[in-house]
Structures are given as C-alpha cells and as structure tokens.
Amino acid sequence: GSAPAATAQDDEPLDSSVCAACHDDQVAAFTSNPHSLLNDPDWGAAGVEGGSCVSCHAGAAAHVDEGGGEGNIFAFGDDASPAARSQACQECHADTHPRFRGSEHAQAGVTCTTCHQIHQPGHSAVSLLRSGPMTATDPAEAIGAASSVCASCHGDVFARFQWNERHRLQEGILACTSCHDPHERATRARLGGFKQDACMECHTDKGGPFIFEHASARAEGCVACHDPHGSPNRHMLAFQGVAELCFSCHATVPGFHSRFNLDTVCTNCHTSIHGSNFDPFFLK
Amino acid sequence: SAQDDGGSFSGRIVLGFRSVDVDGADRKYREDVNLSDGPRLMDLDLDLTPTGTVRSFVDRIQLDVNDVGASSFETVRLAVDKFGRFGFSYDRWESAYFYEDLILPHELANVRLSSGGDFHHFDFERVRDRAKLDVTLSPRAELNFGFDRFAKRGESTTTLDVSRDEFEVHKPIDEERFEYQAGFQYAWDKVTLIIDERYSEYQNAYSIFLPGFSEGESLPPANLTSLDFFFLDQPYDYESFAHTVRVVARPTRDWIIRASGTLQELSLDLSAAERSQGTLFTGVPFTTDLVGSGGIDRDAELFDLDLTYVINDRFAVIGGFYTRSLDQAGAFTFGGTRNAGAWDIETSGVEAGLEVNLAADLTVSGGMRIESRDVSFSTVEAGSPLADEDESTDHDGFFATLAWRPSRLYGLTLDYETDSFDDPFTLASPTDRSRIRARGQLNLDNGVWGSASFLLTEMENDNSGWDAETQQLLLRAGYRADRFDASLGWSSIELDRFAAFAVPAIPTLPARDYTAESDFIDALLRYRVSDALTLGGELRRYENDGSFALERDDYRLFGEYRQASGLLYRLSYRTIDYAEGAFDFDDYDAEIIDFGVGLSW
C-alpha cells in the first residue's frame, strides 16, 4: 500500500523509548546525531512538532498499534514519491535549502536521503553523508565523503578527473562541493557574469579587477577557455595549442601577426592574458 | 573503541615514509602526480563522543588529518559540536602546484603536443584555512561566524615583450586573501530572516624582474634587442564588503518563497614602479624609470526571488526571477600616461518549471528559462579612447527530466536541455547548445552494483563555424561483500572541437579539427583475508588516441596488517608509466612506495 502522508502534524508525540523497543540500534545512534535535538522539549516548543522519531516518520501510532510492519508508517521507502520524501525533511530544512525543489537533483527524483543518512552518528558539518561506492579512482584514498557520494551518480564527471590536467579532487584537496551546491538550481549563471565566483576563491589573482579586462573572461567566465573538471590539455584549456584557442575568437590581429601560425604560443607575448593594468593587449 | 554510557573514543594514527623514484621526465611527474618522498603523518583520525560532565558541553569531537609532513597535498579537519548549542569546524589544506613546459629546439618543438614553446614555469603552494562557528541562541535564533584565509606563495617565470623580443623574467608569487563573515538568522513560525555580512581583503605583492643582462633571442643584425636589467613592482590590494539579506517565507505548507538581495563593494588600490635599461632592436639604448598609481572600484548587486508551490502530492510549480548587476570603473596613471577601463553588465532572467510525480517511482519535470544580458565596456589607453562597445545577448532554453526509480535497487534518469544564445559575446561561445544524458543504476541487495551513463553535448557558433561535441560512455560494475570489494569501470570520452579560423592577417591558417579520444579503465580489488589482514590492488589506465596521443598506466598493490593490540602496518607499491605518442621528452616511469606504522583503537 502507499505510505502515509509525509508530515507528522496530526501525530501525537511519541517518546522515542517506545520506538527503541524494536529499533534500539537506530535510537541509540541518534544520541550522537544532530537530529537528537528532536527529543529536546525546548525545540519541540519552538515548532518541531511530534518529537523524536515521529517528527519524520508520520503514522507511528498506527505502526505501534499494529505491532510494527510496513506500509503503516512513513518510512522514506519506495512507496513514497521523491517529492514526499524530501518534503518531510523540508518541514525543518526549508530555511537552509529553500530552492532544493527546483534543483536539477530534485527534478531527477533525487531526495535528501539519497545522499544523507539520518540515523547514523554524525557531525553536522559533514551533513551526515552516505559513503559512495568504492572505486579505483582514489589511489590515495583521500577523496572526501562529499565527492564520493557525488561519484555514485556522476561517474561520467568523475572520469574527467583522471585526465592529467585536472583539479586535485583525487588528492582530497577539493571536493565537488567546493564549487557546486547540490541543493541549488544550476542554471542561474549562464549569462550572469558572476559564474567565476567559485573559481576566484582559489584563483583570486585571475579575477582582477583589472583596468583592462580580458573581455571574454569578464563576460563569459573562466569556462570560455578552460574545462574545469579536467582536460587533456595544458592549463585545462580547450585546446592544447594556445593559438587554436585564441584565434577561435580573435580574427582581427595586426598585420605583423602574419608570421605566426597555430604553433605560436600567444601568451608568450600576451602574458597577462587574464587582465592587465598596463596594456590593453595584455603584454605586461 | 572505548565505550561507556553512550560515549566512545575511537581513533587511528599512522606515521609513515614515502619513497618516490622517477625515471625520465621528473618535471612532468611533478605536473601530473607530484607526490613527494619523505616522512609524514599519513593518517590521524580521532572521534570522541564524551560522557558525563563533558557531554554537557560537547557532543562530538572529530579530527581528520591526512598526509601532513613531506607531502604535496595535506588536509586537516577538526569539528566540534554541541547539538543545539554550537557547531565549530576548521579546515586546512595545502596543495603544491608545478608546471614547466619543455623548451626544445624549434625543429622539435610542437606546442600542440606537450613539448615546446610555452615559456612559463610555476612552482608554488596554496594554503587555505577555513573556520566556521554556528551558535544557536535559541531554537529560533542563530549566530554564525566564518573565517577564510587563502595564501599562494612560490616561484614562477613569465615572458616579457621588449622591442620585438621576449625575455624570460622572474615572477615571484606572494598573495593572500582574508575573509571574515558574520551572520544572524531568526525564524518566526512562517518567516525566516537571514542577514549575512562579509568583509574580505586581498594583497598581491606582484613583481616581475630580470636582475642581469640578457641577450634577445633573435640574433643580430635582424634584432639588437637586449636587456641590462628590468624591475617592475606592481603591488595591489583590495577590500570588499558584501551585505546580504535573505527572507524565506512559508505562508502555507504549500509555498516556499525565497527573496535574497546582495550588495558587494570592492575598492582596489594599486601602485607601480618600473626601472629598466637595455637596447632596442634598432641598437639604440633605452632606460625607463616610471612610477604610477591608480585604483578600481566595483559595485555588484544580486537579487533573486524564487517560488515553490506544491499544488498537491503530484504537482509542484517552480519559478524564479533574478537580476545581476556589475558596475566597475578604474584608472591608472603610469609614467604620466593615463589608462582607464569601465564595465557595466546587467543581467536578468526568468525561470519556470513544473514537477510532476506521475507515480511514486516516476517523476517528470521540465521548464524553460529566459535570460537577457547587456554588456558595455570602454577603455582608454594613454588618454585616448580605445574601445567603447555595447553587446546584448539573449538566451532562451528548455529542460526536461524523466526519472524512473521503482526501487532503491535500480533506476533510470533521462535528461535533455537545449539553449540558444542570440549574439554571444565571443566567437567560441555557443549560439546553440544541447545536452542529452541517460543514466542507469543498479544496487542489488546481494552486493552487486552497476551503473551506466551516456552523455552527448553539442555546442556550435553559427557566426564563426566553431563547434564542439562531447560523447561520453560510462560502464561500471562492482561487487561488495563483507570481506570483499571489487569494481571495474570503463569510460570513453570523445571530444571534438572544430575551429575554422578567419584571420585576414594570416590567411594561411588551416582549420583545426581537434580530437581527444580518451579511454579510462579502472579496477579495484580489496579482500579482507582475516580480521587482521587486508590485501588489494588497483589499476587505472588512460589512453588518448586523439590529437595529443598518450598512454598512462597506473597500478597499485596495497596491504594492511592489524594486530589485536591495535598496532597496524601498511605497505603500498604504486607504479606509473607515462608515455606520449609523438615524442619521448616527457615520458616517465615512477615507483612510489608507502610504508606506515600506526595504532588504531
């Protein structure tokens, strides 16, 4: 049968010791978990209704009355829609992730519990993340929990970090969440002019501001020239040959450039290619 | 672990030594792998859940330290929590970066491969420290504070164009950024107010110099350029403020309304001094002794309004409106010459979508987005206008996703999106873009799992003929049991990029059809032979048959032996064989041996 409604608004409070009679492992693990606050009466008074397990698992009274079983309690199972599962979490977490419902993850039926495990002991700072599948892409075994979870579904992106030119995800220096917010809508920076903000946290010197900006970088962002996940090419550029990239846009060059060709490295003269305070052509 | 009254204390510490032996191009190894040898703290993990009086103050303390010591990549993480009272975390990472292109005789150099011509050298370290403290004043009120420091220091060289010749010059790297953040959040029953204030400052001690005489590359009599010395100091710093106010309202259970506004102000000061002496290509001596100063101001505004309306159990409507505004102006007077630049970028967009849960296991969503951007910029060089341009780009797009997840055991996701851009800013930016992606997953209860995905991305620019296509196929399978973990994966990525160059000054430029046909194979086998002994091996193979052909084989064998007392020993042997197709200048073989002794409890 279908699961009860996700919300516990009409449920009577139920002490977690009742649940512990059958689910003692999960209740015990809860004490080292941020969600243990649900047992705190102060938080209950502040709008976290139901208390304890019932806050998330609606229909607990019927579940208890019937001596347990499936289908009589909201258990975040396959019988509940992805929206209903996430909605149960959003009862409390809408403030922190109000745009999750419009995210690409939500559109793809990904729910909070796809990535997060709720009952395990855990630290709020790592958001109770599940562990991803073991792969051979982490020889140093340094890949962080966040990236490991992402790799479970985004193996195609993860493969790109095996190119020689890549961000140091495998070494654990960066995580997918260093640049991406999995709870947000991904479409908003296409023309926004702010898409390089995440890049500038580590590549601050490339972001200027400069008197003479490289217009493509300012208007289109770093990805106009670079493949950020990884690339076969030097500096994670779109082409291994620098001139191939530059001439893709710069049709108008001075006549003396006639001695150059696709083997030319434009940035040997145009050294300050990200922007300059001296020269509009980035020569210094 | 020691456990008492719900408390626990578990941990692991492993000290070790890494031996690295590279045969061949050591600098290429440093570019790609860069694991250095020497003693190090391989692992320090502590996890404490206290009991008794201490538990009244702290619920959990976790420390995770990796590869500290003689290592190129170090991470430290500390987290302390008292649930419902405070949460503190501190992260630190250090990362080394190395790049040095090979300088070869012209007849051998080929910049489209990995040899020759890119006269840049980088050897520096990045360090980042981040701390975060959340203080819960009450279930409704929270204060939060953040600190973020980023530093980059080391050596680099670059080139300098002087009188028709290029000179390699030193460019020390010395920059540091600090960010301080404070925020407050208060939740009423239906509305939450969030205020966030950030202040950041950044210093860059930018300088380039050539301390002694250098002859130009081009020889007399065609070119007589030489430099006796060259010094340019251009230190700059900026400070920036960002003020954000965000409101999240849930007037009813069916609505989530989020409104957010951010104002950013940035003010940059720069000064410069240049001294140089040398000979021009004509043979005429020259000297420079210039000073200058200037500044740049930037204001940015971001506003977002997002709506989520849950019509019923099956339907939800998503909508959003946003604007972005960047206004930047700066001027710099150097040696009596004034340069200036100004930018104004205004963007606004609307998104709307519908999410339909046709059944518990089937979700269909789709929507559209419209965006418009106006860019205007102007530059002044030596007091004279150089550029004054206005560009407008309109974008509209459509996206759709079908997710079928009948069970946690398996599922399938299909998504498609297409975008068109009217008059994009560059000739290598797409006028049309599309992406189709299919993913399937299987996770059986018996430990067998698998996944497959296919991705096709197409981008093209109608104005220039530039186009790019990516096809990617991924197949992965594995088996996980109590003592056994195995996986095998194959990914094929085919990149095609075509550019037809229309450069009047160089009519002979041929069109370029660049390909990167990359195959990645990886495998892992880990077997826990007994409670004490774990053995395993893994391989990664990368082969590129495209324009820049190469092969890389990466194998590792590892083992860990743990005594009942908690004493543990680790040994790992890794070998990497890197070979390029066209030349062998960058080929290398590396052997990396890690040995560690530690204790776990």
Side-chain angles (χ1 to χ4, degrees), chain A residues 31-32 34 37 43 46 78-79 81-83 94-95 98-99 101-102 107-109 123-125 134-137 139 142 155-156 159 162 164 171-173 187 191-193 204-205 209 211-212 216 219-220 232 239-241 244 247-249 251 253 255 257-258 263 265 268-269 271 277 280 283, chain B residues 32 49 73 75 79 83-84 87 89 93 95 111-112 117-118 139 158-159 161 177 192 248 256 258 296 298 306 308 318 324 330 332 339 341 345 347 357 360 363 365 371 373 375 381 401 403 405 407 413 425-428 453 472 474 485 491 499 501-503 505 512 516 520 522 524 538 548:
Chain A
T31 59
S32 298
L37 288 172
W43 287 74
D78 299 333
D79 53 348
S81 71
D95 290 349
R99 294 198 287 202
R101 195 66 187 264
Q107 288 167 25
H123 193 287
S124 55
M134 187 64 68
T135 70
T137 51
D156 51 345
Q162 295 196 49
N164 284 2
E171 287 80 0
I173 296 300
T187 59
L191 296 178
T204 317
D205 56 320
I211 300 293
F212 301 111
S216 63
E220 300 286 20
F239 294 91
Q240 175 74 348
E244 294 163 2
F247 284 134
S248 294
C249 293
V253 296
H257 280 59
S258 60
D263 288 333
V265 180
N268 282 344
C269 292
T271 52
N277 295 316
L283 296 175
Chain B
D32 295 348
T49 301
F73 308 99
T75 57
F83 304 137
S89 66
W93 59 254
S95 172
V111 75
R112 277 174 284 166
D118 182 16
T158 186
T159 44
D161 183 82
R177 179 176 59 80
T192 299
V248 179
I256 301 177
R258 176 190 183 275
I296 303 171
R298 175 193 289 175
D306 293 276
T308 301
I318 315 296
R324 304 279 185 267
F332 177 49
N339 293 332
I345 304 176
T347 307
N357 286 282
T363 303
S365 57
E371 199 171 43
R373 181 183 67 195
V375 176
E381 185 194 20
T401 303
R405 294 173 184 266
S407 158
T413 307
F425 194 81
T426 79
L427 293 174
S453 71
Q472 184 168 358
L474 174 81
D485 207 329
S491 181
F501 308 110
V503 183
R512 180 68 171 141
F520 301 100
D522 67 84
L524 168 74
E538 59 190 14
F548 177 21

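Proteins get letters first, then strands, A, B, ... in listed order; numbering begins at 1 in each.
For the pair E220(A) and T426(B), the minimum side-chain heavy-atom distance is below 4.5 Å. Within the 4.5 Å cutoff, no side-chain heavy atoms of T308(B) are placed close to those of P98(A).
Take S365(B) and apply the side-chain contact (heavy atoms from CB on, under 4.5 Å) test, not counting sequence neighbours, and it matches Q107(A), E355(B), T401(B). Remark: T271(A) pairs with H120(B), T158(B), T159(B) by the side-chain contact (heavy atoms from CB on, under 4.5 Å) rule, at least two apart or across chains.
In this structure, the portion of F520(B) lying under 4.5 Å from any heavy atom of chain A is its side chain and not its backbone. Contacts of S491(B) with chain A are made by side-chain atoms alone, with heavy-atom separations under 4.5 Å and no backbone atom involved. Using a 4.5 Å cut-off between heavy atoms, N339(B) touches chain A through backbone and side chain atoms alike. Of the two parts of S407(B), the backbone and the side chain both hold a non-hydrogen atom closer than 4.5 Å to a non-hydrogen atom of chain A.
The closest donor-acceptor contact from the side chain of R99(A) to the backbone of R258(B) lies at 3.5 Å or more, if one exists at all.
D161(B) and C269(A) make their closest contact through OD1-SG, 3.7 Å (heavy atoms, listed as atom of the first residue, atom of the second, distance). N277(A) approaches F332(B) most closely through the heavy-atom pair O-CD2, 2.9 Å. Listed here is the closest heavy atom pair of I211(A) and I296(B): N-CD1, 3.5 Å. Of all heavy-atom pairs spanning C249(A) and L427(B), the tightest one is O-CD1, 3.5 Å. Contact detail for A505(B) and S258(A): the closest heavy-atom pair is O-CB, 3.2 Å. Across A94(A) and V248(B), no two heavy atoms sit closer than the pair O-CG1, 3.9 Å.
Chain B forms more heavy-atom pairs under 4.5 Å with one residue of G255(A), A159(A), A251(A), P280(A) than with any other, namely A251(A). Contacts with chain B were tallied for T204(A), N268(A), V253(A), D78(A); N268(A) has the most, counting heavy-atom pairs under 4.5 Å. Of the listed residues A83(A), S216(A), A108(A), the one with more heavy-atom pairs under 4.5 angstrom with chain B than any other is A108(A).
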